[in-house]
Number of protein chains: 2
Amino acid sequence: MDYFNEIGELGLGSRLKRLSDRLMSDAQSVYTEFELPIQPKWFSLLAMLRAKHSVSVVDASERLGLSQPALSQFCRQLLDEKLIELAADDKDARKKIMQLSAKGIVVLENVQPVWAGVEKAAIELSKEEGNDFYQAVLAFESSLSRKSLLERTKEHLQATKNEEIVFLPFEKKLSSFFNVINTEWVEDMFVLEDIDKKVLQQPEENIIKQGGHIWFAKHALYGIVGTCALLKTGEGEFELTKMGVLSSMRGQKIGEKLLQYVIEQAKAMKVKKLYLLTNKKCESAIHLYEKLGFVHCEKIMQTYGGHYERCNVAMRYQSNT
Amino acid sequence: MDYFNEIGELGLGSRLKRLSDRLMSDAQSVYTEFELPIQPKWFSLLAMLRAKHSVSVVDASERLGLSQPALSQFCRQLLDEKLIELAADDKDARKKIMQLSAKGIVVLENVQPVWAGVEKAAIELSKEEGNDFYQAVLAFESSLSRKSLLERTKEHLQATKNEEIVFLPFEKKLSSFFNVINTEWVEDMFVLEDIDKKVLQQPEENIIKQGGHIWFAKHALYGIVGTCALLKTGEGEFELTKMGVLSSMRGQKIGEKLLQYVIEQAKAMKVKKLYLLTNKKCESAIHLYEKLGFVHCEKIMQTYGGHYERCNVAMRYQSNT
DNA sequence: ATCATTTATATAATCAATTATGTAAATGAT
DNA sequence: ATCATTTACATAATTGATTATATAAATGAT
């Protein structure tokens with residue numbers, strides 16, 4: 001079964017690639033079948049030389065929409081086959097003017113009937129289902145040259161790009177995000193321990209069902225890009241933990257907005273004690289905690305510091321209102 | 001200026017290639033612009049994994065219309081990026097079942113909005129000129145799968161393939177054929193001498209204007225494939241010379257038909273003496289001459305043999321009627 | 001059960017294009 | 001007139017796919 005039917009217009013590029021490969025390979029077979037002494041890749045250049053008599057390398061590359069090195073190579077190959085000859089330009093000594101040799105003229109004349117057959121077949125194919133595929137291609141190309149796919153895509157996405165971050169509460173289907181976003185930064189700074197894996201892989205069991213909370217930061221364009229949890233460690237006592245932002249999205253204040261949101265939620269829930277345990281290596285995080293109202297606290301360290309191997313910093317939220 | 005507009009449907013394959021390259025490169029730019037951590041070439045596989053959950057390598061290659069090694073490589077690359085995981089098949093230990101990893105699921109979710117933007121842009125582009133380009137592509141694909149371009153081309157050419165050879169008298173625009181066809185075999189057997197070049201490059205001056213004749217054999221499918229000249233060397237005296245058939249067309253009795261035709265023409269012109277000068281190396285040609293009524297002749301050798309450096313065989317046509 | 005054939009995947013070699021870069025000639029601003 | 005920039009082309013390195021081929025597992029005929 002053909003999967004491209006299921007992804008629709010989104011797969012148009014790959015689909016066209018497949019289509020053109022099919023046509024090109026059929027053309028290749030025609031050349032083989034009728035033992036024509038030319039390669040299909042030369043086709044457009046040879047057709048042009050037949051009609052226009054002479055072109056320079058760069059000129060041809062522009063007209064055919066191929067790179068200059070590609071034409072430079074065709075030129076050499078056709079020279080080897082003696083199908084073309086080079087002439088100098090009167091005004092510009094850098095230019096190489098390609099033109100058909102006597103042999104080239106003869107070969108092309110003789111290839112003509114086969115090309116005519118391919119053309120008839122292509123026209124038949126193009127018109128078979130009522131509409132004219134060839135005309136549709138021309139129309140599509142002209143739409144494309146008015147405004148490229150990239151520009152159009154950007155326009156469609158621009159609107160969403162600057163939308164605010166929104167925050168979502170835990171849902172089962174978001175579990176993977178909690179795991180992946182945290183795994184990324186923990187592995188980056190420490191070694192992922194078994195206790196980490198357990199919590200990250202089963203956040204529902206280990207956080208939510210224990211009375212804790214998890215939130216996610218969602219960007220309109222990039223989806224879920226950050227997460228943060230509150231682990232319940234006693235009545236009205238919560239440890240802020242597993243806060244992370246995708247590395248590709250850092251530097252956009254997403255962490256700050258997320259932390260702010262979590263603090264607001266904690267306040268709304270009338271949390272009595274909000275604290276966190278971390279490590280000196282996490283400098284930028286600590287800087288952020290300090291900025292939003294967490295203060296270093298020896299008492300917290302003594303009470304909870306032992307829970308984690310890598311803990312050497314403990315902070316408590318100090319409401320400044 | 002775009003040369004493809006001038007060659008029409010014949011250039012459809014190359015044109016579609018260019019079009020798909022443009023779309024793919026735009027897609028590439030979208031990925032770069034929005035810093036998505038996936039490569040465009042993975043797109044169709046990832047889209048499939050997102051929808052279908054799991055596929056084997058060969059299964060995916062068939063559904064996507066790519067080769068198995070291509071999918072095998074995508075599989076490795078996606079494994080390196082940790083976007084997929086491999087599972088074993090219960091029944092077949094050879095199979096590798098690909099499925100998205102937790103990271104893969106997260107990345108794909110986050111890529112989703114961008115894909116949606118590309119899709120919107122593609123739909124817009126496809127429908128901009130009234131008709132629906134996407135639908136036209138589907139229709140074209142279905143026509144193609146009913147009967148390929150190759151099959152259709154063969155059908156169109158089959159009719160002409162078995163048509164008879166026809167013979168044409170000299171025309172200025174056919175000069176190149178006289179030159180190229182003869183140059184090919186002469187260079188193959190001997191060294192092309194200055195006298196050869198002169199006659200071949202200017203057949204009108206050196207043969208026609210001297211009262212001689214040139215004919216060409218034309219194949220319906222392959223065009224001009226053979227040529228032969230009668231050089232006037234006296235009143236009612238003609239030397240049969242410069243007879244050649246394109247090497248790619250040998251073994252199809254074209255030489256025989258051509259020689260037969262030239263002999264008929266000579267008879268119709270009431271030629272008194274028809275002879276030829278050649279070299280022992282040209283065995284198959286000599287065999288043909290003998291078959292059609294030429295006999296070895298010492299007198300011809302003495303009279304005309306000195307004209308050519310490489311002449312060591314002389315023959316005269318002996319009408320057998 | 002055994003052996004030949006087929007199937008699933010991997011690896012190597014190849015191909016047709018690209019991008020990046022270098023060289024020489026032409027252009028154009030000072 | 002001179003020098004920096006641009007243009008035309010060539011060459012090297014790279015990419016993204018292919019075809020050809022090898023290996024191991026499964027299938028199926030005897």
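Numbered from 1 within each chain, the chains take letters A, B, ... in sequence-line order.
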- Name the orientation class of the two ring planes belonging to B:Trp115 and B:Phe43 (parallel below 30°, tilted from 30 to 60°, perpendicular beyond 60°). perpendicular
- Message: Without decimals, in angstroms, what is the distance between B:Ile97 CD1 and C:dT9 P?
- Response: 7 Å
- Residue pairs, two or more places apart or on separate chains, that pass side-chain hydrogen bond (donor to acceptor under 3.5 Å, both in side chains) and touch residues 83-92 of chain B: B:Asp92-B:Arg94
- Message: Counting only heavy atoms from other residues, nucleotides and ligands, does the tally under 6.0 Å from NZ of A:Lys218 exceed 12?
- Response: no
- Message: Can a donor-acceptor pair be found, under 3.5 Å and without considering hydrogens, that links the side chain of A:Lys154 to the backbone of B:Val30?
- Response: no
- Item | Worked check of side-chain hydrogen bond (donor to acceptor under 3.5 Å, both in side chains) between B:Gln252 and B:His219 | CA-CA 11 Å; B:Gln252 296 178 54; B:His219 188 290; 4.6 Å; no
Could you list the protein-to-nucleotides 14-18 of chain C atom pairs, N/O on both sides, closer than 3.5 Å?
residue, atom, partner, partner atom, Å
C:dA16, OP2, A:Lys41, NZ, 3.4
C:dT18, OP1, A:Ser67, N, 3.4
C:dT18, OP2, A:Ser67, N, 3.2
C:dT18, OP2, A:Ser67, OG, 2.3

- Query: So, A:Asp132 side chain and A:Lys127 main chain: donor-acceptor pair closer than 3.5 Å or not?
  - Reply: no
- By side chain to side chain contact (heavy atoms under 4.5 Å, CB included), A:Thr183 pairs with (sequence neighbours left out) A:Asn179, A:Glu187, A:Leu192, A:Leu200
- Query: OP1 or OP2 of C:dT9 sitting under 4.0 Å from any side-chain N/O of B:Ser72?
  - Reply: no
- For DNA chain C, find the residues of residues 80-90 of chain A with a heavy-atom distance under 4.0 Å and give them by number; none if there aren't any. none
- Task: Determine, stepwise, if the pair B:Glu124 / A:His156 fulfils side-chain hydrogen bond (donor to acceptor under 3.5 Å, both in side chains).
- Result: CA-CA 10 Å; B:Glu124 176 188 307; A:His156 283 284; 2.8 Å; yes
- To the nearest angstrom, the CZ-P distance between B:Arg76 and C:dA12 comes to 10 Å
- Query: Side-chain N or O of A:Ser56 less than 4.0 angstrom from OP1 or OP2 on D:dC9?
  - Reply: yes
- Item | Enclosure of A:Arg146 CZ (heavy-atom neighbours >12, cutoff 6.0 Å) | yes
- Tell me, what's DNA chain D's dot-bracket, Watson-Crick or G-U with both distances under 3.5 Å, | for other-strand, [ ] crossing? ||||||||||||||||||||||||||||||
- Would you call A:Glu9-B:Lys120 a salt bridge at under 4.0 Å N-O? no
- Message: Please determine whether a side-chain nitrogen of the Lys or Arg among B:Arg22 and A:Glu141 lies less than 4.0 Å from a carboxylate oxygen of the Asp or Glu.
- Response: no
- Rounded to whole Å, the CG-P distance (A:Leu16 to D:dA17) equals 15 Å
- Message: Between B:Ser126 and B:Phe133 (side chain of the first, backbone of the second, donor and acceptor by atom type, cut-off under 3.5 Å), is there such a pair?
- Response: yes
- Item | Atom-pair distance (NZ on B:Lys95; C1' on C:dA10), nearest Å | 17 Å
- Whole angstrom value for the distance that separates C1' of D:dC9 from CG of A:Asp59: 13 Å
For nucleotides 24-26 of chain D, tabulate all protein N/O to nucleotide N/O atom pairs closer than 3.5 Å, reporting atom names and distance.
residue, atom, partner, partner atom, Å
D:dA25, N3, B:Arg94, NH1, 3.1
D:dA26, OP1, B:Ala93, N, 2.9

- Item | salt_bridge(B:Glu155, B:Lys147) N-O dist < 4.0 Å | yes
